[in-house]
2 protein chains.
Amino acid sequence: MSNYRNDDQLLAEMFKALGNPHRLLLFHRLTTCCQPGTRCDLDAAMRFSVGQLGEGLEIAPSTLSHHLKALHQAGLIEMERQGKQVMCWIEPAVLSRLSGYFAGNEEIPIER
Amino acid sequence: MSNYRNDDQLLAEMFKALGNPHRLLLFHRLTTCCQPGTRCDLDAAMRFSVGQLGEGLEIAPSTLSHHLKALHQAGLIEMERQGKQVMCWIEPAVLSRLSGYFAGNEEIPIER
DNA sequence: TCTATATTTCGAAACATGTCGAACTATAGA
DNA sequence: TCTATAGTTCGACATGTTTCGAAATATAGA
């Protein structure tokens, strides 16, 4: 497909990942902390383990893992093992890149 | 799935629609007019017919129609027949809703 | 070293999506 | 009314996605 800028391919993969309700909820949990509708900037508060993210979602651990891997491979979330757990978070640049896409500033590159 | 707010379902459908490279390109064409990276506010300039949108994309008319219908059903684009052609455009509120989602203002409701 | 906890990988089944061509509908103009 | 243009609907096929359970891996602590 020669009509696409590299960027659009990346973006399409991000939207595809967010296009599943389970994955969108997981992503959403990583963007909000404590109070609903609030966003705090303390990095620690925005990190959740795989297990925490899956709480209340009625899906098998293997399915949860699969979805988080998809979000990670799309460049939407970061994952890092910390002891027995794997912690997940979103880089703020990802949010501004996506917000910017719809707001019309597409100069901002995705950083990986 | 009881964990989802109504809104998240709508949003997931929007992202799912944008998750296909062909559809993202179609959507993207509707957000940009004339100069790349520019966004003009003249409504007329932001309207394209189904045929115009498909130009250069190597997909069958039936596939094009299918994709535009998906974008429309997800609430991303508007469609209206004007003579022989069907014109497509994006309501600015959709762009601000999506931009706002990633920027952290989720109070703004989707208007349909 | 053994065990419990946390997460991932694998394989399989059910279901959804992207694509096409053929046939259809809608409109404008000769 | 006939024809050409613009899009849509339908049915079929190939491919991709979601989900699970079972088995595997990683880590911390007894």
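Letters A, B, ... are given to chains in the order of the sequence lines, protein chains preceding strands, and every chain is numbered from 1.
Pro21(A) places none of its side-chain heavy atoms less than 4.5 Å from the side chain of Asp8(B). Proximity of Ser49(A) to Val86(A): side-chain heavy atoms (C-beta onward) are nowhere separated by under 4.5 Å.
The aromatic rings of Phe102(A) and Phe102(B) lie parallel to each other, their planes meeting at an angle below 30°, with 60° marking the opposite boundary. Ring pair Phe15(A)/Tyr101(A) is tilted by interplanar angle, where 30° to 60° counts as tilted.
For Ser49(B), a side-chain nitrogen or oxygen approaches OP1 or OP2 of dG7(D) to under 4.0 Å. An OP1 or OP2 oxygen of dT19(C) is reached within less than 4.0 angstrom by a side-chain nitrogen or oxygen of His22(B).
For the pair Asn20(B) CG and dT19(C) C1', the interatomic distance rounds to 11 Å; values are reported in whole Å. Summarising the geometry, the separation between CG on Leu24(B) and P on dT17(C) is reported as 17 Å, rounded to the nearest angstrom. As a whole-Å value, the separation of Gln73(B) CD from dT8(D) P is 12 Å. A straight line from CD of Gln85(B) to P of dT8(D) spans 11 Å, rounded to a whole angstrom. As rounded to whole Å, 14 Å separates atom C1' of dT17(D) from atom NZ of Lys69(A). Atom CG of Leu26(B) is separated from atom P of dG18(C) by 12 Å (rounded to the nearest Å). One interatomic measurement links the two molecules: CD of Glu55(B) to C1' of dT5(D), which rounds to 14 Å at whole-angstrom precision. Distance Glu80(B) CD to dA6(D) C1': 16 Å, rounded to the nearest Å.
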Name every donor-acceptor pair, under 3.5 Å, that has one atom in a side chain of residues 74-85 of chain A and the other anywhere in the protein, sequence neighbours excluded.
residue	atom	partner	partner atom	Å
Arg81(A)	NH1	Gly83(A)	O	3.1
Arg81(A)	NH1	Lys84(A)	O	3.2

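Among the atoms of the strands shown, only primed sugar atoms or phosphate atoms (P, OP1, OP2) are found under 4.0 Å from some heavy atom of Met79(B).
Val94(A) and Met87(A) sit in two unconnected hydrophobic clusters of ILVMFWY residues. Membership requires side-chain heavy atoms under 4.5 Å apart, directly or through other members.
Considering every non-hydrogen atom in both Met46(A) and Thr32(A), the closest pair reads CE-N, 4.3 Å. Among all heavy-atom pairs drawn from Leu18(A) and Leu24(A), the shortest one is O-CB, 3.5 Å. Residues Leu30(B) and Cys88(B) approach most closely at CD2-O, 3.4 Å, considering heavy atoms.
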Per-nucleotide protein contact along nucleotides 20-30 of chain D, 5' to 3', at a 4.0 Å heavy-atom cut-off (B base, S sugar-phosphate only, - neither), is BBB---SBS--
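The C1' atoms of five pairs define one axis at each end of the helix from dT1(C)-dA30(D) to dA30(C)-dT1(D), and these two axes lie 20° apart (to 10°).
Distance from the side chain of Lys16(A) is smallest to dT17(D) among dT9(D), dT8(C), dT17(D). Of the candidate nucleotides dG7(D), dT7(C), dG18(C), dT7(C) has the atom lying nearest to any side-chain atom of Val50(A).
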